[in-house]
Every structure is written in structure tokens, then in C-alpha cells.
Amino acid sequence: EVQLLESGGGLVQPGGSLRLSCAASGFTFSSYAMSWVRQAPGKGLEWVSGISGSGGSTYYADSVKGRFTISRDNSKNTLYLQMNGLRDEDTAVYYCANWDWNYYWFDPWGQGTLVTVSS
Amino acid sequence: QSALTQPASVSGSPGQSITISCTGTSSDVGSYNFVSWYQQHPGKAPKLMICEVNKRPSGVSNRFSGSKSGNTASLTISGLQAEDEGHYYCCSYSGSSTLMLFGGGTKLTVL
């Protein structure tokens, strides 16, 4: 069974940093692209970033470009999101998801981790 | 890039059919057959219901179907059931700097 388990969320002050992790199991992690998608409280979904299976290609939404860095450690079956320069508007539940590289859909998704940016 | 446009809410009675629209532009929905739809229940992670405009992943009921015409994609749910209640989001590949765009979401209420 494919499982994705996010961790690392919490309360951080504006301007601060946080690193999220997503531990994957049940599939050959290195063969699949992955993405982070976030959801602000009571709001819709927003794609944040994606990375190829090898980690050689990375992609970012304009809203986080230059502040967030996606990476992966295929030896540990783990996806990361390093978030710097956090803003109030980055407050959201962050989901990791398997990202189909050819047809651009997300499945499955993890249960999410909450990031709150507040002073 | 702007988010895709969905109606805020739709409703229907058990057994009826409903359709949720998802309007983009000629740069995203209109240019690629990479539209997907997700169902989300309160407090839960989204679930893929339709991919590549009209394909159903294994395990998804055949009551769910997708289509596209021009810059607008649609999700149709037939034979509405109480368990279908929740939020639905469309998503499209955009080919621009923000690769993936989501709709604002539609709340489905089963009366």
C-alpha cells in the first residue's frame, strides 16, 4: 500500500524558516515525481512545487519562487520542502502527493501537515 | 496565472445528476488534455476522481465522468449519493511558470 506521511509543520514567525518532510513507502520512490500542494484554512488547493524522480528537475509556483526549495533523498524515500522567508499568507496545510510526470495528476496524497505563520 | 474558475456551490437530490464546470483559458484547459478532478471531504486529503479530462482511476465509481469543450472542463456525477457530498477541485497543467493550476473549489450538497 502506498503511504505518504508528512511532518515538520508548526508555528513560525514571519520571516522564519521551516523544513517539511514527506516519508514515502509502498512504491519505488525514485521512479516517481512528487509535488507539494497547500491549502490555506477554509480555502482551495494551490500547487506549490514539484520535483522529478531523480531530483534533477524542480518546479515552483510564482508565489513561492526564490523562497521555497524542494528536494528529495531517494536513499531515504523522503521528500522535503525548505521554506524560508515565511509570510502570513503561507499559512496552510501542506500536502505531499505523487505527481504523474506525463499526465499531470496527483495521486495519492498524504494526510498533510499544518504550517502556521504568525507573530 | 489565475486560478481556474468553478462555481462556489452546487446541489442535487439523491439519484439526480449534477455537473460542475471548470473554466480556464486557451493557455491551460484549452491547450492540454491534462485536466484532473479531486474530491475532498472535511478534514481529509483530496482524492483523485478523474484524470486526463475523462479517465477514471481504478476504484472510482463509474457515476463520475469528465469532459472538456474549449476552455471549460466539466465533472458530472450521476445517481447522486449522500457520500458524494464534499468539495470538488479541478486542476490543469498550464505549461507556464506556475505549472499546475487549481480551481477555487465547488461545494457539493446532497439535499
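Here is the naming used below: chain letters follow the sequence lines, and residue numbers restart at 1 for every chain.
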With a 4.5 angstrom heavy-atom cut-off, could you sort out which part of [X] is near chain A: side chain, backbone, both or neither?
X: B:Gln6; value: neither
X: B:Lys44; value: backbone
X: B:Tyr89; value: side chain
X: B:Tyr32; value: neither

Checklist line | Chi angles and distances behind the side chain to side chain contact (heavy atoms under 4.5 Å, CB included) call for A:Trp105, B:Tyr38 | finding: CA-CA 10 Å; A:Trp105 40 257; B:Tyr38 303 86; 3.6 Å; yes
Note to self: Can you confirm whether A:Tyr103 is buried at OH, in the sense that more than 12 heavy atoms of other residues, nucleotides or ligands lie under 6.0 Å from that atom?
What the structure shows: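 No - once you tally the heavy atoms of other residues, nucleotides and ligands closer than 6.0 Å, there are 12 at most.
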Next item on the list: Quick one: closest heavy-atom pair of B:Thr98 and A:Asp62, and the distance?
Entry: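 Where B:Thr98 meets A:Asp62 most closely, the heavy atoms are OG1-N, 3.0 Å.
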Quick one: do [X] and [Y] end up in the same hydrophobic cluster if we chain Ile, Leu, Val, Met, Phe, Trp and Tyr together by side-chain heavy atoms under 4.5 Å apart?
X: A:Tyr94; Y: A:Ile70; value: yes
X: B:Ile20; Y: B:Phe34; value: no
X: B:Leu99; Y: B:Val35; value: no
X: A:Phe68; Y: B:Met100; value: no
X: A:Leu86; Y: A:Trp36; value: yes

Item checked: Among B:Ala45, B:Ser36, B:Ser92, B:Cys91, residue most engaged with chain A (heavy-atom pairs, under 4.5 Å) ->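 Most heavy-atom pairs within the cutoff with chain A belong to B:Ala45.
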Margin query: For chain A, which candidate among B:Cys51, B:Gly104, B:Pro57 shows the most heavy-atom pairs at distances under 4.5 Å?
Written below: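 When all of B:Cys51, B:Gly104, B:Pro57 are compared, B:Cys51 has the most.
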Can you say whether [X] sits under 4.5 Å from chain B via the side chain, the backbone, both, or neither, judging by heavy atoms?
X: A:Tyr59; value: side chain
X: A:Lys65; value: side chain
X: A:Asp100; value: neither
X: A:Val48; value: neither
X: A:Tyr60; value: backbone

Next item on the list: Please determine, among A:Trp109, A:Tyr95, A:Trp99, the option with the most heavy-atom pairs under 4.5 Å with chain B.
Entry: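 Of A:Trp109, A:Tyr95, A:Trp99, A:Trp109 has the most heavy-atom pairs under 4.5 Å with chain B.
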Note to self: Parallel, tilted or perpendicular, judged at 30° and 60°: which one describes the rings of A:Phe106 and B:Phe102?
What the structure shows: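 Aromatic pair A:Phe106/B:Phe102 classed parallel.
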